[in-house]
Amino acid sequence: MSEILSVKPTALRVERSTFSPLFTLGGVIAVAAFFTLAPWILAASWVSILSNFFILVIMATMWNLLAGYAGMVSIGQQGFVGLGAYATLYLALKGMNPFVAIPFAALICGVIAIPITFLLLRLRGGYFSVATWVVADSAMLLILSVAYLGGGTGKYMPGLLSLSPTTLNHDVYLATWFGALVVLVGTYLLLRSRVGLLLSSMRDNEIAARSAGAKVTTTRRMIYVVAAIGCGVAGAVLAVSQPFVQPGNEFQLQFAAEMLFTSMIGGLGTIEGPILGSIIFFTLQQSLQNWGAWYLIIFGSLAVVVAIWQPRGLWGAIRDRFHVELLPVGYRVKEPRA
Amino acid sequence: MSLLQLEGISKRFGRVVVADEISFQLEPGTSLGIIGPNGAGKSSMFGLISGDLKPDAGTIRFNGTELLGVKASSRCRMGIGRTYQIPQPFEHLTVFENALLAAQQGARARGTESYDVAYDALRRTGMDELANRPAGSLGLLHRKRLELSRALATRPRLLLLDEIAGGLTDPEVLGLTEVIKDLQSSGIAIIWIEHVVRALLSTVSRLLCLANGTVIADGDPHEVLASEAVRAVYLGGKIINEAPLS
């Protein structure tokens with residue numbers, strides 16, 4: 001960096017949100033308090049539905065970060081869900097409390113993701129997508145061959161049998177909720193930071209971003225690792241919630257479909273979109289579950305309708321119509337004092 | 001030591017030669033205008049300096065450092081700022097955010113310092129009034145100015161301007177040359193590719209003419225324009241309008 005230009009400090013006032021941050025903070029705290037106390041407020045059936053909901057929110061948020069913000073359309077994130085589940089199982093088999101193992105399992109996923117990026121980031125577009133799927137399937141095949149982790153039949157997560165069903169249900173719920181909270185707050189803070197602006201610029205014009213000094217590939221690598229960690233959290237909490245860990249359950253391609261569906265319906269490239277998408281997905285799933293195959297047909301039709309008429313997703317439509325942002329990340333210059 | 005030094009730079013796309021053993025130097029804080037017919041290899045040369053293109057042969061040194069294998073983003077961080085002939089704004093970001101990205105990445109500025117660097121670049125280019133406008137809604141003049149603001153917010157030692165006056169009206173060009181003179185006076189070295197020769201003549205002290213990827217003239221602007229080689233390239237006619245801008 002040169003020191004030729006002497007920059008006059010302007011006492012510039014730059015605002016980060018369109019309305020009071022206190023209002024946002026208050027809203028977040030109220031929502032957080034409600035969900036933390038939910039097991040004592042809501043019926044047990046609702047509590048386990050919410051657990052699954054939060055797992056989906058984590059996966060959708062991570063997929064949106066990857067595809068919606070960093071332009072990496074992965075259909076292999078179920079690989080990291082599976083690895084997160086199995087890392088938890090492994091640590092639990094080694095004697096660690098499964099709940100304590102969750103963050104460690106997520107970190108293991110992040111570490112595994114680093115070398116993979118050197119392979120994947122050489123590829124673009126559709127080739128990248130296919131390669132992510134190959135990576136996910138290879139990970140599953142690798143796990144299948146490890147007898148210690150139960151091979152193809154799977155294994156019970158140890159360390160949970162001593163808990164009563166009610167306590168286990170509560171603990172699982174709290175794990176999924178805190179997992180979702182950490183992932184959401186982390187994603188929001190990341191997107192509010194320099195990285196958020198960097199990702200938005202890369203999404204708009206990659207070449208211009210590079211010539212303005214942006215390290216595009218390094219940024220993609222970082223986001224891929226973050227998404228692997230996030231999906232690892234989802235896999236880890238999924239494993240303790242089941243708690244029978246089996247390759248066919250943890251490495252489901254359906255996870256990739258659900259992440260894609262929820263992000264797209266809700267609005268790609270917005271923080272709010274995947275959350276809204278997950279709400280829609282769960283509402284539909286709960287109300288259509290007795291319709292058999294019809295519910296998949298309705299999901300598919302909805303995705304097609306949104307893709308054609310509302311490509312920016314539901315939250316995109318709301319934002320364009322009402323100019324609202326619940327979680328603002330932009331910058332607004334307020335009149336500078338000369 | 002020269003700020004920028006090109007030695008025997010060659011680049012071809014298939015059978016099209018865009019650079020054929022180009023060599024020249026630029027001293028710190030000086031300005032160089034580049035003219036040449038369409039397809040002469042002017043923009044490609046910027047691509048080679050900024051790192052968007054890789055040369056087939058030759059070396060480029062910036063501030064003494066060999067640039068071979070240095071990525072475009074790193075070259076920007078070393079102090080090479082560039083604009084594009086067709087403006088490349090981040091359309092979904094505001095004008096301020098466009099400059100802020102450059103300040104945070106190119107100039108490695110942090111926190112409120114990055115706000116100051118970005119806003120200073122907007123003020124120098126007359127874009128401060130439009131700070132909160134989405135870049136996608138800007139007209140041509142403002143897009144060109146935004147290119148300049150963004151390059152400036154990377155705090156360059158060398159600024160590469162690619163036809164930044166192209167397509168603008170005379171008063172607009174005049175305003176832009178004032179901005180560029182201000183940048184020159186603050187010590188930034190400038191290489192300016194331009195078809196609007198009058199704009200160049202009012203700002204640069206040296207002119208270089210490219211044709212078919214080779215340097216056919218380099219030196220005092222008026223001498224270069226008067227030279228036989230340059231006249232021949234421009235079909236012998238007095239196509240270049242040298243009358244001063246009013």
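For the numbers below, each heavy atom of this structure counts, side chains included, while hydrogens, waters and symmetry mates do not. Order of the sequence lines sets the chain letters (A, B, ...), proteins ahead of strands, with each chain counted from 1.
Atom CG of B/L140 has more than 12 neighbouring heavy atoms from other residues, nucleotides or ligands inside a 6.0 Å radius. Within 6.0 Å of NZ in B/K71 there are 12 or fewer heavy atoms belonging to other residues, nucleotides or ligands. Within a 6.0 Å radius of CG in A/L123, other residues, nucleotides and ligands contribute more than 12 heavy atoms.
Heavy-atom distances place both the backbone and the side chain of B/S74 under 4.5 Å from chain A. Looking at B/R110, the atoms closer than 4.5 Å to chain A (heavy atoms on both sides) all sit in the side chain, from C-beta outward. For B/T94, the part sitting under 4.5 Å from any heavy atom of chain A is the side chain, from C-beta outward, and nothing else.
Side-chain N or O atoms of A/R210 include none that pairs as donor or acceptor with a backbone N or O of B/S73 at under 3.5 Å. A donor-acceptor pair under 3.5 Å is formed between the side chain of B/N132 and the backbone N or O of A/V333. A donor-acceptor pair is defined here as one N or O able to donate and one able to accept, closer than 3.5 Å; no such pair exists between the side chain of B/Q105 and the backbone of A/A209. Using modelled atom types, one side-chain atom of A/D204 and one backbone atom of B/H92 make a donor-acceptor pair closer than 3.5 Å.
Atom OH in B/Y119 sits 12.5 Å away from atom CZ in A/R13 (nearest 0.5 Å). The CZ atom of B/F90 lies 12.5 Å from the CZ atom of A/R203; values are rounded to the nearest 0.5 Å. With values rounded to the nearest 0.5 angstrom, B/R150 atom CZ is found 8.5 Å from A/S201 atom OG.
With sequence neighbours excluded, the residues satisfying side chain to side chain contact (heavy atoms under 4.5 Å, CB included) with A/A303 are A/F261, A/M264.
Nearest heavy atom pair, residue A/A208 against residue B/Y84, reads CA-CE1, 4.4 Å. For A/G330 against B/E97, the heavy-atom pair with the smallest separation is CA-OE2, 3.3 Å. Across B/C76 and A/G213, no two heavy atoms sit closer than the pair SG-N, 3.4 Å.
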- Please assess A/Y331 against B/L93 for the test side chain to side chain contact (heavy atoms under 4.5 Å, CB included), listing each intermediate value before the final yes or no. CA-CA 9 Å; A/Y331 299 79; B/L93 302 182; over 6 Å; no
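Annotation: side chain of A/L197 is in contact with side chain of B/Q104 (closest heavy-atom distance under 4.5 Å).
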